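Here's the structure, in structure tokens; my notes come after.
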Amino acid sequence: MKKKYVISIIIIVILLISLLFCLFYPPKFTLNKGNITLKYGTKFQDPGVTITKFGHNYTEKVKINNKINPKKLGTYDIIYQIKIFGITFEKTRKVTIVDKEKPEITLNGSQNITICPNAEYKEEGYKATDNYDGDITNKVKLNTQNNIITYSVQDSSNNKTTITRTITKEDKINPTITLKGSQNQTIYTNSTWQEPGYTVSDNCDNNLNSNVIVNGKVNTKKAGTYKITYTVKDLSGNTFSVIRTIKVINKPVVNNSNNPKPSKKGVIYLTFDDGPNEGTTNVILDILKQNNVKATFFVTGKGPDSLIQREYQEGHAIALHTFTHNYETVYKSVDNYYNDLAQIQNRVKKLTGTETKIIRFPGGSSNTVSKKYSKGIMSVLTKDVVSKGYHYFDWNVDSDDAGGARNSTTVYNNVIKGLSKNRSNIVLMHDVKPQTRDALNNIIKYGKNNGYTFEKITMQTPMVTHKVNN
Ligand code: ZN
């Protein structure tokens with residue numbers, strides 16, 4: 001009886017031990033993918049876990065404790081926890097966040113820079129940024145060898161980036177010579193030719209002026225066209241040349257074979273500038289017609305074509321003034337002057353079918369306004385136009401209708417006061433002015449009543465010219 005009791009106790013103890021063993025026996029955790037290395041910046045996605053014990057699946061009951069800080073590199077624990085019959089079991093997964101991305105260096109300016117041979121390269125700057133460390137510009141190291149600059153930088157995870165910049169010392173750009181004075185000049189025989197000078201500019205080299213080689217001579221004893229060549233080479237061997245042309249001409253003589261007729265005394269040449277103009281020119285033409293007087297119109301690019309055609313058809317002289325009447329453009333250079341003259345010549349030729357060599361400079365040959373745009377240009381032009389066969393006319397009677405004469409009485413008085421029987425009278429007026437239009441009939445009446453005759457300017461009319469002031 002006692003023995004039986006002992007056996008029962010032994011069995012109960014064995015059962016109890018078995019039960020405890022079963023309760024504390026750990027479940028099996030299967031971590032998909034095990035420990036994980038995660039690239040910084042990518043999101044952690046749990047690959048999952050499977051938990052089984054004695055054929056039972058406990059996966060559903062898992063509690064996950066995620067301690068990852070995605071903003072910081074390091075190794076983190078993910079703890080999977082399960083409670084079976086009040087007993088807690090757990091398994092840890094290690095997740096390591098790493099930075100494998102290289103920093104980036106960006107250069108200010110080009111990767112290939114060309115500078116002058118005698119220049120020093122001045123660092124144009126750079127910037128280094130890293131996906132994890134941010135701005136690491138101050139960690140960039142520079143190393144220069146044989147005109148190659150190496151920029152390298154390392155981030156806190158030892159990822160390294162290296163880039164280079166190449167500096168080429170070279171000059172392939174020509175110097176330039178700027179001539180002082182006009183590139184095309186006209187002078188009279190037996191005058192003195194004086195070199196107006198020049199300046200050299202170059203992208204790399206200074207003070208090349210003394211390196212200029214000047215070739216060519218001007219023989220002022222002999223009329224002809226002379227060329228002077230200016231050549232300069234910079235320190236890298238780039239060359240530049242420019243040619244100046246000097247025309248030496250014989251001084252034209254007014255009233256010679258070109259102007260066979262001597263100045264006619266007591267003749268009035270009415271001249272009208274700046275037109276044509278609707279509302280004034282047409283009335284002026286009516287008055288001239290009624291009085292059977294011929295005049296000279298120095299026309300411009302303005303006004304209706306029909307009025308220039310009428311002037312021509314009614315027997316007046318069409319002469320050239322200027323197309324634009326813009327002093328700044330016309331007197332900027334000799335070439336500009338001739339371009340403007342060609343434009344008004346074209347207009348006249350288109351409208352009348354003929355060309356004319358009779359001209360009047362905008363502002364007259366004595367103008368000083370041209371000084372602002374080109375010094376000495378009137379001295380050149382007054383000779384040059386004559387050498388090209390033009391006759392230019394200023395005036396010796398000024399109506400002042402473009403100045404202070406604002407009404408017809410003043411215009412009339414100015415003209416009457418200026419007339420002289422002892423010479424030919426070239427009267428400056430502007431057919432664009434209403435006060436001139438209104439004074440004209442009385443001026444003509446005065447002339448006729450006082451023994452003057454009226455003529456238009458022709459190539460035989462002696463030139464009346466002012467003293468040149470520029
Ligand atoms: Zn004018």
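For clarity, every value in this text was computed on a predicted model and none was experimentally measured. Ligands are counted one by one from 1 in listed order, and the atoms in each one are counted from 1 as well.
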When every non-hydrogen atom of I173 is compared with those of D202, the smallest separation belongs to O-OD1, 3.7 Å
Could you tell me which N, O or S atom of H321 is nearest to the Zn ion (ligand 1)?
-> NE2
Below 4.5 Å, heavy atoms only, C-beta onward: do H316 and F272 meet side chain to side chain?
-> no
Kindly state whether the ring of Y392 and the ring of F361 have centres lying under 6.0 angstrom apart.
-> yes
Closest to the Zn ion (ligand 1), among the N/O/S atoms of H325, is atom NE2
Does K227 reach the main-chain N or O of I243 with its side chain, forming a donor-acceptor pair under 3.5 Å?
-> no
D274, N/O/S atom nearest the Zn ion (ligand 1) | OD1
